[in-house]
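Letters go in sequence order (proteins before strands), and every chain restarts at 1.
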Amino acid sequence: MQWTGSFIPTLREAPADAEAASHKLLVRGGYIRQLHSGHYSLLPLGLRVHAKVESVVRQGMEEIGAQEFLLPAMHPAWLWQRTDRWDTMGPEMFRLQDRKQADLALAMTHEEAFTQIFCEISSYRSLPQIWYQIQWKFRDEPRPKSGLLRVREFAMKDSYSFDLDDEGLDRSFNAHYEAYSRTFKRLSLDAIAVEASSGAMGGTASVEFVVPSAIGEDDIVRCKECGYAANVERATSKAVSPPAEDTVNTTSDEPIPFPTPGVRTIADLEKFKGGAPAYRQIKTMAMMLDGELTLALLRGDHQLNLQKLSDTTGASDIRPATSEETLQKLGAHPGSLGPVGVTEHPIIADLVLQSQSGLTTGANKDDLHYSQVDMSRDVKVSQWVDLRSVDHGEPCVHCGAPLEMLRCIETGHIFKLGRRYAEAFGATLLDDKGVEQTITMGSYGIGIGRAVAAIAEIHHDERGLTWPTRVAPYEVVITVTNISDRNTMEAAERIYEDLQNAGVEVLIDDRDVRAGVKFADAELIGIPWRITVGRDIAQGEVELIERATGKLEKIPVVNISHYTAGRIASQLKASQTIR
RNA sequence: CGGGACGUGGCGCAGUUUGGUAGCGUGCCUGCUUUGGGAGCAGGAGGCCGCCGGUUCAAAUCCGGCCGUCCCGACCA
């Protein structure tokens, strides 16, 4: 491609509202433009990178035997009503009506649509199946942000596995795990696979692939010693035990009430005469779960993890109870709440509290607390679960080493869905004994545009983007320092043709501008290899510069095309063959 | 949804306090000079000052309403 005549609108300055590095550079480099919040146009360079990322993702899918489809982006309401997600998806789903006032949705994912097609299969002999597509998804995000990282309209590779039994699902899930690991390596992303919450997808297990980056929105904990990694929404750790010298006096047979005027917080009670250290208190959080008051109990120095509470209860609408609600239902305002004697509301307690005694907590009467509370004796716990948030530095559950916390971009997510969708659609078939079985499913996603942004986020420097060759919009840029010098221009054009004939994707900068402008633009848009044809042409040489390293080689003109094509081919092959 | 910031040629900004001819840098066009790290000089094009309403002889500027964008939080596969 010739630069002259191409639409590569580079900018010297980034738009004022761009904050993320990938956002600034993709705009400055002429890759994307914003139409409105959360909706970006891909310009020619942007589309080329997007397509390359797609091709890497496709390779990974084809390697596990997945078959490519393309389903509609616009769905009838009934499809989503089958699984109840027409209602449960809420405002995040774009909805519209056609001229007949029939309800439609812009698809945010395609479990329903694929499962509906799967119903044509009626024999176990057809299994397993893995189906995928690369398709536009629409999600009415509350807050789009950071350029391509969080948008309302984006391409996603989504795949779906269909198996007869749990072992089959495990195989399909593991195949995706391996495929995703390879795919992110090929994209030059150091993705970490972490245990995650399944959220609105439901299902039994899910793993996120995340790339460490400060611009991300997911916090994960990781153990450097044993490799344990999980999203904070799910992560667990060994609770730090109270100091050994702090022995508990458990002589009392029942909780002892004591007045605590003005005490409203854990910290207040720590300082209060006759109070207790935080780790010896029960933190009682009155929560409204889909409108029902529920007590969530934690050790005083621990924090409630809302996602864990949501995952264990299945509640979708979770909020703290108001002080009017706690007064009415429990008899006190927040600050004096406690679980002792509470029987009419569910009590969900964190595992750390199990069989603890000598604890202090509110007495459900303002300005009154109990000491000497024994969890097993005094509290009617309906469910023991892991409820607390993990903190930086806590010991790993597996090996005890301190956990580190990392801010990450979520680039992929794989789910074991189980039979929920199959049941809703009646996706059954006959097994080898002629018995009807409901199949089990998995669903798996990679956001293409987000992957583009993540790569840009990782691969750039102060001068611009530094694309890995596999995803670069062009593999080589030929910078002609002076197009009006005939020797220079002719040599450049010969190299251009030779490279094209060798199958290399090459951009020739034939613009009538000064060399400095061309160097700056080439570095900004981040083409991995640059051939500078200029002053050395008198000696029959040109320069080959690797963008990412800045390494410069002087190469005879007669060898340059062959040499460069070879370097690129070996890079591409290295990426292709990652296992 | 709560908090904050912002909206003026393609991009970056000043001007708004104190109402009075819409400005600077960059980019763009033309010419001459220059030509390996975002050149110099000269000439030129380009703006419903986010939108609607109000106040006023007069509004980018003051008042009211609305819309939009970004950031933090909430939320979110």
Chemist: Between A:S37 and B:C70, is there a contact of a side-chain N or O with OP1 or OP2 at under 4.0 Å?
Modeler: yes

Chemist: Got a sec, which residues hit ring pair (Phe, Tyr, Trp, His ring centres under 6.0 Å) with A:W131, two or more places apart in sequence or on another chain?
Modeler: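 Ring pair (Phe, Tyr, Trp, His ring centres under 6.0 Å) list for A:W131, sorted by chain: A:F69, A:F118, A:F162.
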
Chemist: What is the distance, rounded to the nearest whole Å, between atom CZ of A:R530 and atom P of B:G36?
Modeler: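 A:R530 atom CZ is separated from B:G36 atom P by 13 Å.
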
Chemist: Ignoring the backbone of A:L306, work out which of B:C70, B:G12, B:C75 is nearest its side chain.
Modeler: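 The answer is B:C75.
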
Chemist: May I have all residue pairs that pass side-chain hydrogen bond (donor to acceptor under 3.5 Å, both in side chains) and include part of residues 512-528 of chain A, sequence neighbours excluded?
Modeler: A:T10-A:D521, A:R463-A:E523, A:R511-A:D521, A:E523-A:R530

Chemist: Rounded to the nearest Å, what distance is computed from the CD atom of residue A:E541 to the P atom of nucleotide B:G36?
Modeler: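 My rounded result for the distance is 18 Å.
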
Chemist: Taking side chain to side chain contact (heavy atoms under 4.5 Å, CB included) as the definition, give me every residue that meets it alongside A:D510, ordered by chain and number, with sequence neighbours left out.
Modeler: A:Q2, A:W3, A:T4, A:M489

Chemist: Quick test of your reading: applying salt bridge (charged side-chain N to carboxylate O under 4.0 Å, His left out), list the pairs with at least one residue in residues 14-25 of chain A, sequence neighbours left out, ordered by first then second residue.
Modeler: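 Sorted pair list comes back empty.
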
Chemist: Please determine whether side chain to side chain contact (heavy atoms under 4.5 Å, CB included) holds for the pair A:M61 and A:Y444, giving the CA-CA distance in whole Å, both sets of side-chain angles, and the decisive distance to 0.1 Å.
Modeler: CA-CA 11 Å; A:M61 296 311 296; A:Y444 317 88; over 6 Å; no

Chemist: Using a 4.0 Å heavy-atom cut-off across all strands, classify A:E410 as base, sugar-phosphate, or nothing.
Modeler: sugar-phosphate

Chemist: Does OP1 or OP2 of B:C70 have a side-chain N or O of A:Q34 closer than 4.0 Å?
Modeler: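 True: A:Q34 side-chain N/O within range (under 4.0 Å) of B:C70 OP1/OP2.
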
Chemist: Counting side-chain heavy atoms from CB outward, which of B:G36, B:C11, B:A39 is closest to A:P15?
Modeler: B:C11

Chemist: With a 4.0 Å cut-off on heavy atoms, is A:A14 in touch with a base, just the backbone sugar-phosphate, or nothing at all?
Modeler: sugar-phosphate

Chemist: What pairs with A:H39 under ring pair (Phe, Tyr, Trp, His ring centres under 6.0 Å), at least two apart in sequence or on another chain?
Modeler: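 Partners of A:H39 under the ring pair (Phe, Tyr, Trp, His ring centres under 6.0 Å) test: A:H36.
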
Chemist: Rounded to the nearest Å, what distance is computed from the CZ atom of residue A:R535 to the C1' atom of nucleotide B:G37?
Modeler: 10 Å

Chemist: Is it possible for you to check whether A:K416 lies under 6.0 Å from the centre of the six-membered ring of A:F173, through NZ or CZ, and within 45° of that ring's axis?
Modeler: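 That pair qualifies as a cation-pi contact.
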
Chemist: Side chain of A:T481, heavy atoms from C-beta onward: which of B:G36, B:G38, B:U69 has the nearest atom to it?
Modeler: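 Within the option list, the nearest is B:G36.
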
Chemist: Tell me the interatomic distance from A:I215, atom CD1, to B:C72, atom P, rounded to whole angstroms.
Modeler: 7 Å

Chemist: Can you tell me the base-pairing partner of B:G73? Count Watson-Crick or G-U wobble geometry only, both distances below 3.5 Å, and say none if there is no partner.
Modeler: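 Checking every strand shown, B:G73 finds its partner in B:C1, with both distances under 3.5 Å.
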
Chemist: Would you say the base of B:G38 and the side-chain of A:R511 have a donor-acceptor pair closer than 3.5 Å?
Modeler: no

Chemist: Please confirm whether the shortest side-chain N or O distance from A:K145 to OP1 or OP2 of B:U69 is below 4.0 Å.
Modeler: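 Indeed not, no polar side-chain atom of A:K145 lies that close.
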
Chemist: Can you tell me how far P of B:C11 sits from CG of A:L43, to the nearest Å?
Modeler: 13 Å

Chemist: Specify the residue among A:D17 and A:V517 whose closest nucleotide of RNA chain B lies further upstream toward the 5′ end.
Modeler: A:V517

Chemist: Ignoring backbone atoms, establish whether A:R514 has a side-chain N or O less than 4.0 Å from OP1 or OP2 of B:A39.
Modeler: yes

Chemist: Round to a whole Å and report the spacing from CD of A:E19 to P of B:A5.
Modeler: 16 Å

Chemist: Classify the nucleic acid contact of A:S206 as base, sugar-phosphate or nothing, counting any heavy atom under 4.0 Å across all strands shown.
Modeler: nothing

Chemist: In residues 519-528 of chain A, which ones come under 4.0 Å of RNA chain B, going by heavy atoms?
Modeler: A:F519, A:A520, A:D521, A:E523

Chemist: Just to confirm, is there a sub-4.0 Å distance from OP1 or OP2 of B:G68 to any side-chain nitrogen or oxygen of A:H36?
Modeler: no

Chemist: Considering only heavy atoms and no angle criterion, is a donor-acceptor pair shorter than 3.5 Å present between the side chain of A:E13 and the base of B:G38?
Modeler: no

Chemist: To the side chain of A:E141, which of B:C11, B:G27, B:C76 is closest?
Modeler: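 The answer is B:C76, which lies nearest to the side chain.
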
Chemist: Give A:E233 one of three labels, base, sugar-phosphate or nothing, depending on what nucleic acid heavy atoms sit under 4.0 Å from its own.
Modeler: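 Here A:E233 touches no strand at all.
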
Chemist: Round to a whole Å and report the spacing from CG of A:D218 to P of B:C75.
Modeler: 14 Å

Chemist: Hunt down the Watson-Crick or G-U wobble partner of B:C24, both distances under 3.5 Å, from any strand shown, or write none.
Modeler: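 B:C24 is paired, partner B:G12.
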
Chemist: What's A:M93 touching, base or sugar-phosphate or nothing? Going by heavy atoms closer than 4.0 Å.
Modeler: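 Nothing: the residue A:M93, judged by heavy atoms under 4.0 Å, touches no strand.
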
Chemist: Just one of A:Y474, A:Y31, A:W529 clears the ring-ring contact (aromatic ring centres under 6.0 Å, His included) bar with A:W467, so which one?
Modeler: A:Y31

Chemist: Report the nucleotide, chosen from B:U69, B:G73, B:G12, that has the shortest atom-to-atom distance to any side-chain atom of A:R143.
Modeler: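 For the A:R143 side chain, the nearest candidate turns out to be B:G73.
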
Chemist: Considering heavy-atom distances to RNA chain B, does A:R12 or A:R33 have its closest nucleotide positioned more toward the 5' end?
Modeler: A:R33

Chemist: Under 4.0 angstrom, heavy atoms only, what part of the nucleic acid is A:S146 near: base, sugar-phosphate, or nothing?
Modeler: sugar-phosphate

Chemist: Please report the distance, rounded to the nearest Å, between CD1 in A:I8 and P in B:G10.
Modeler: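 Spelled out: CD1 on A:I8 to P on B:G10 is 22 Å.
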
Chemist: Answer with yes or no whether the side chains of A:D219 and A:N231 bring together a donor and an acceptor at under 3.5 Å.
Modeler: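 No, because no side-chain N or O of A:N231 sits under 3.5 Å from a partner of the opposite role on A:D219.
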
